[in-house]
Amino acid sequence: PYVPRTSEDFDLHVDGHISQDTKDSVNVSSLVTVASVHICRRYDDCMSIIERTLPICPLLKEEGAVCAEMQAGQPFSVKTSMTLPEGTLRGTYSLTVEVVAPDGFRLACYELHDIVVLSDDVMTTLSDYRDAFVAFAIAASSAYALGTLFPTLSGGLLPQISGFLCIGIFVGPYCANLVTHMHIHMIGGWINRVSLSFIGGAAGAEIFLPEFRDLLR
């Protein structure tokens, strides 16, 4: 699914092939995959919570000699299904998967960032939306109140919109994390649509119809 939810099944499907530059067959049976899951409080501030090491052949659905001797250009497919436990923390995660040789050399590394996990429980989801709207309301009111001070403090060099942008950065997931990445994912689309509606209305209010008709002639 686009957004994984707790207690729901989701599928992982990866297709690939052995590099065409490989001269000899690849003994895949000796390789292992190291998967690490990190939960992120803010951007680039993540903590590892799970790390698993698995042989690669069972993941490739290939056994025996077929897995041990894979040729250049040979395709492979990884398919697996899993369920997120009910107690999984809602928030933003990142996933790192490494392919490691027996001598510890890292052959490949794949990373997935900004994976948002939500709850499948209706009441919990409503609580998350409540928190998201309250956080946005606090951020918006703070930006409006403090943003008006920027022209005065800067001696008229900076407009109010500079204050709005600075407050938005401070309360966002890069700094204070009052408005988290999960909040942005949940209500960011709605906020953008409402904001564009106000911007369009304000722009339309500035149009003086008689002058506009003169421009069309």
Side-chain angles (χ1 to χ4, degrees), residues 1-16 31-61 76-100 106-143 167-196:
Y2 177 63
V3 179
R5 293 181 179 271
T6 58
S7 300
E8 289 186 354
D9 297 333
F10 67 95
D11 299 324
L12 177 64
H13 185 186
V14 178
D15 291 323
L31 305 180
V32 296
T33 57
V34 180
S36 302
V37 179
H38 302 76
I39 186 168
C40 303
R41 184 173 181 269
R42 57 173 67 88
Y43 284 116
D44 298 326
D45 182 12
C46 302
M47 178 182 66
S48 177
I49 56 174
I50 299 175
E51 182 171 308
R52 295 286 186 270
T53 300
L54 299 170
I56 198 170
C57 273
L59 296 177
L60 297 176
K61 309 300 182 183
F76 61 82
S77 179
V78 175
K79 296 180 181 180
T80 185
S81 299
M82 57 190 72
T83 304
L84 288 177
E86 177 64 33
T88 302
L89 292 175
R90 305 177 308 282
T92 306
Y93 290 80
S94 66
L95 171 65
T96 302
V97 179
E98 299 176 339
V99 180
V100 183
R106 187 173 65 176
L107 299 174
C109 179
Y110 305 92
E111 295 183 347
L112 290 175
H113 297 283
D114 300 336
I115 305 172
V116 177
V117 176
L118 301 178
S119 175
D120 69 325
D121 181 71
V122 175
M123 296 305 299
T124 303
T125 301
L126 291 177
S127 297
D128 290 339
Y129 274 106
R130 176 204 61 197
D131 296 343
F133 280 111
V134 170
F136 174 78
I138 294 174
S141 58
S142 300
I167 299 301
I169 294 173
F170 291 150
V171 301
Y174 284 101
C175 291
N177 206 40
L178 173 63
V179 180
T180 66
H181 183 268
M182 186 179 77
H183 293 159
I184 295 172
H185 177 85
M186 295 177 69
I187 67 173
W190 297 351
I191 299 301
N192 288 340
R193 295 186 185 95
V194 173
S195 301
L196 289 175

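What you see below is based on every heavy atom in this structure, not just the backbone, and it leaves out hydrogens, waters and symmetry mates. One is the number of the first residue; the rest follow in order along the sequence.
- Partners of H38 under the ring-ring contact (aromatic ring centres under 6.0 Å, His included) rule, at least two apart in sequence or in another chain, do not exist in this structure.
- Taking every heavy atom of both residues into account, I167 and A139 meet most closely at CG2-O, 4.3 Å.
- Considering every non-hydrogen atom in both F136 and I187, the closest pair reads CB-CD1, 4.1 Å.
- Residues that satisfy the ring-ring contact (aromatic ring centres under 6.0 Å, His included) test with Y129, not counting sequence neighbours, are W190.
- Partners of L118 by side-chain contact (heavy atoms from CB on, under 4.5 Å), not counting sequence neighbours, listed by chain and number: V3, R5, V116, M182, M186.
- Applying the side-chain contact (heavy atoms from CB on, under 4.5 Å) criterion to V32, with sequence neighbours excluded, gives T53, V100.
- Contact check for I56 versus V99: side-chain heavy atoms found under the 4.5 Å cut-off.
- Contact record, V179 with A135: CG2-O, 3.8 Å, taken as the closest heavy-atom pair.
- Atoms CD1 and NE2, on I191 and H183 in that order, are 12.0 Å from each other to the nearest 0.5 Å.
- Annotation: side chain to side chain donor-acceptor pair (under 3.5 Å) contacts involving residues 111-123, sequence neighbours excluded, comprise T6-D120, E111-H113, D121-T124.
- Note that CD1 of I49 is 4.5 Å distant from OH of Y93, once rounded to the nearest 0.5 Å.
- Side chain of S141 to main chain of I138: a donor-acceptor pair is present (N/O by atom type, distance under 3.5 Å, no hydrogens or angles).
- In this structure, D45 contributes its side chain and C40 its backbone to no donor-acceptor pair below 3.5 Å.
- Remark: R106 engages E98, C109 in a side-chain contact (heavy atoms from CB on, under 4.5 Å) (not counting sequence neighbours).
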